Q: 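The structure's right below; bear with me while I get my questions together.
Just so it is clear: chains get the letters A, B, ... in the order the sequence lines come, proteins before strands, and each one is counted from 1. Because the structure is a prediction, the values reported are computed rather than measured.
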Protein chains: 2
Amino acid sequence: MKRHILLYGLLAGVLIVVLRLIEYRYLIATRSVEIYGGLIAALFAALGIWLGVTLTGRPERVVIREVSVPAASTFVADPARREALGITKRELEILELMAAGMSNKEIADHIFVSENTVKTHASRLFDKLGARRRTQAISTAKSSGLIP
Amino acid sequence: MKRHILLYGLLAGVLIVVLRLIEYRYLIATRSVEIYGGLIAALFAALGIWLGVTLTGRPERVVIREVSVPAASTFVADPARREALGITKRELEILELMAAGMSNKEIADHIFVSENTVKTHASRLFDKLGARRRTQAISTAKSSGLIP
DNA sequence: CCGAAAATCATACCAACGGGTGACTGCGCA
DNA sequence: TGCGCAGTCACCCGTTGGTATGATTTTCGG
């Protein structure tokens with residue numbers, strides 16, 4: 001800000017000096033004041049525009065818009081959470097299918113294993129999650145960020 | 001924009017005319033060109049500043065900063081969804097407790113009714129949701145926006 | 001005040017779920 | 001090569017969940 005004003009004054013002074021030099025050196029006719037005037041006007045107008053633009057800066061208005069981000073779409077399964085609880089990939093797979101509302105038999109048919117296998121996976125899963133029912137397992141897994 | 005330029009030119013012309021009139025009318029000494037120069041400089045600088053501010057001031061740059069807001073906290077249970085499926089308040093209550101991982105007995109103790117009552121509520125709920133298991137009911141209710 | 005919807009409870013039955021135990025097979029790592 | 005882990009499967013048994021049917025009471029709008 002102060003630099004601008006100083007620069008402005010300095011330029012004005014230099015211009016005046018230049019004009020005087022021209023006047024004395026080349027003895028330009030007195031009535032050519034219009035030429036000087038126009039010159040000065042153009043120069044200072046340009047300077048003024050530059051100043052105006054520089055001083056006022058860009059009026060940047062920041063609008064903070066709260067956008068509700070669908071948690072499901074931004075969900076990324078990170079293995080860190082899974083391994084923190086000692087849950088294997090297969091167990092997580094069964095957990096997801098359970099959360100989708102499938103029965104043990106349906107899960108078994110879906111991943112091509114026997115129902116007993118699904119049961120043992122589920123049992124170990126409940127143990128690791130500290131759940132006694134599948135609904136409880138789903139609930140805690142959800143709040144742990146294990147599943148969307 | 002165009003209006004500004006026109007106004008600018010007009011002002012310049014008027015100023016020149018005024019200066020000439022002053023020059024001829026009062027016969028001001030030739031070497032007082034500095035005074036004229038300073039005058040013109042000041043005027044046009046002011047004009048330029050005004051122009052700069054006016055011209056650049058218009059395009060207000062709006063920066064939209066999207067703030068991610070947890071979707072879960074913005075959840076509001078609207079009765080429209082519930083009634084569209086013909087689900088009663090009590091049934092929704094049982095649904096929420098089911099989704100929290102409670103057993104029928106726990107729900108019964110929680111809302112001070114018998115386990116049989118919870119069972120009948122649950123049965124009707126499954127019927128309305130087209131679910132055969134509680135996990136499935138929770139899953140569909142969630143995707144329907146019935147529960148968070 | 002009356003009737004429909006909602007809420008409550010019971011009984012019986014069968015399917016699904018969950019716990020416990022034991023066993024077998026690959027696979028990677030020491 | 002042996003050990004541990006993940007995955008697979010089986011059996012039994014008790015608990016829980018879900019369906020069907022029927023009944024009573026409460027609530028609420030016309």
Q: Strictly below 4.0 Å: does A/R90 bring a side-chain N or O up to OP1 or OP2 of D/dT8?
A: yes
Q: Regarding A/T117 and A/S114, do their side chains bring together a donor and an acceptor under 3.5 Å, going by distance alone?
A: yes
Q: Under 4.0 Å between a side-chain N/O of A/N104 and OP1 or OP2 of C/dC17, yes or no?
A: yes
Q: Please walk me through it: do A/L129 and A/L85 pass side-chain contact (heavy atoms from CB on, under 4.5 Å)?
A: CA-CA 7 Å; A/L129 284 173; A/L85 292 162; 4.1 Å; yes
Q: B/L125 has an atom CG; how far is it from atom P of C/dT8, in whole Å?
A: 14 Å
Q: Assuming nearest nucleotide by heavy-atom distance, tell me which of B/T88 and A/M102 is located more 5' along DNA chain C.
A: B/T88
Q: How many whole angstroms separate atom NE2 of A/H121 from atom C1' of C/dG19?
A: 17 Å
Q: Under 4.0 Å between a side-chain N/O of A/S114 and OP1 or OP2 of D/dA10, yes or no?
A: yes
Q: Taking only side-chain nitrogens and oxygens of A/S123, does any of them come within less than 4.0 Å of OP1 or OP2 of C/dG19?
A: yes
Q: Take the protein atom CD of A/E106 and the nucleotide atom P of C/dA15, then report the distance between them rounded to whole Å.
A: 16 Å
Q: Return whichever of A/R124 or A/A131 has its heavy-atom-nearest nucleotide of DNA chain C closer to the 5' end.
A: A/A131
Q: Below the 4.0 Å mark, does D/dG18 have OP1 or OP2 next to a side-chain nitrogen or oxygen of B/R134?
A: yes
Q: Applying the side chain to side chain contact (heavy atoms under 4.5 Å, CB included) criterion to A/M98, which one of A/E106, A/R134, A/H121 satisfies it?
A: A/R134
Q: Can you measure A/I87 atom CD1 to D/dG7 atom P for me and round it to whole angstrom units?
A: 12 Å
Q: Do A/L92 and A/V118 share a hydrophobic cluster, counting only Ile, Leu, Val, Met, Phe, Trp and Tyr and linking them when any side-chain heavy atoms are less than 4.5 Å apart?
A: yes
Q: According to a hydrophobic-cluster definition based on side-chain heavy atoms being under 4.5 Å apart (Ile, Leu, Val, Met, Phe, Trp, Tyr only), do A/L97 and A/I87 belong together?
A: yes
Q: Between C/dC17 atom C1' and B/R133 atom CZ, what is the distance in whole Å?
A: 12 Å
Q: What is the distance from NZ of B/K119 to P of D/dT19, rounded to the nearest Å?
A: 11 Å
Q: Heavy atoms from C-beta onward define the side chain here; which of C/dA16, C/dA7, D/dG7 lies closest to that of A/S103?
A: C/dA16
Q: When the distance from CG of A/L97 to P of C/dC17 is rounded to whole Å, what number comes out?
A: 13 Å
Q: Separation of B/K89 atom NZ from D/dT27 atom C1', in whole Å?
A: 11 Å
Q: Students often get this wrong, so: under 4.0 angstrom with heavy atoms, is B/N116 touching a base, only sugar-phosphate, or nothing?
A: base
Q: For C/dC9, take OP1 and OP2 only and decide whether either is under 4.0 Å from a side-chain N or O of B/T117.
A: yes
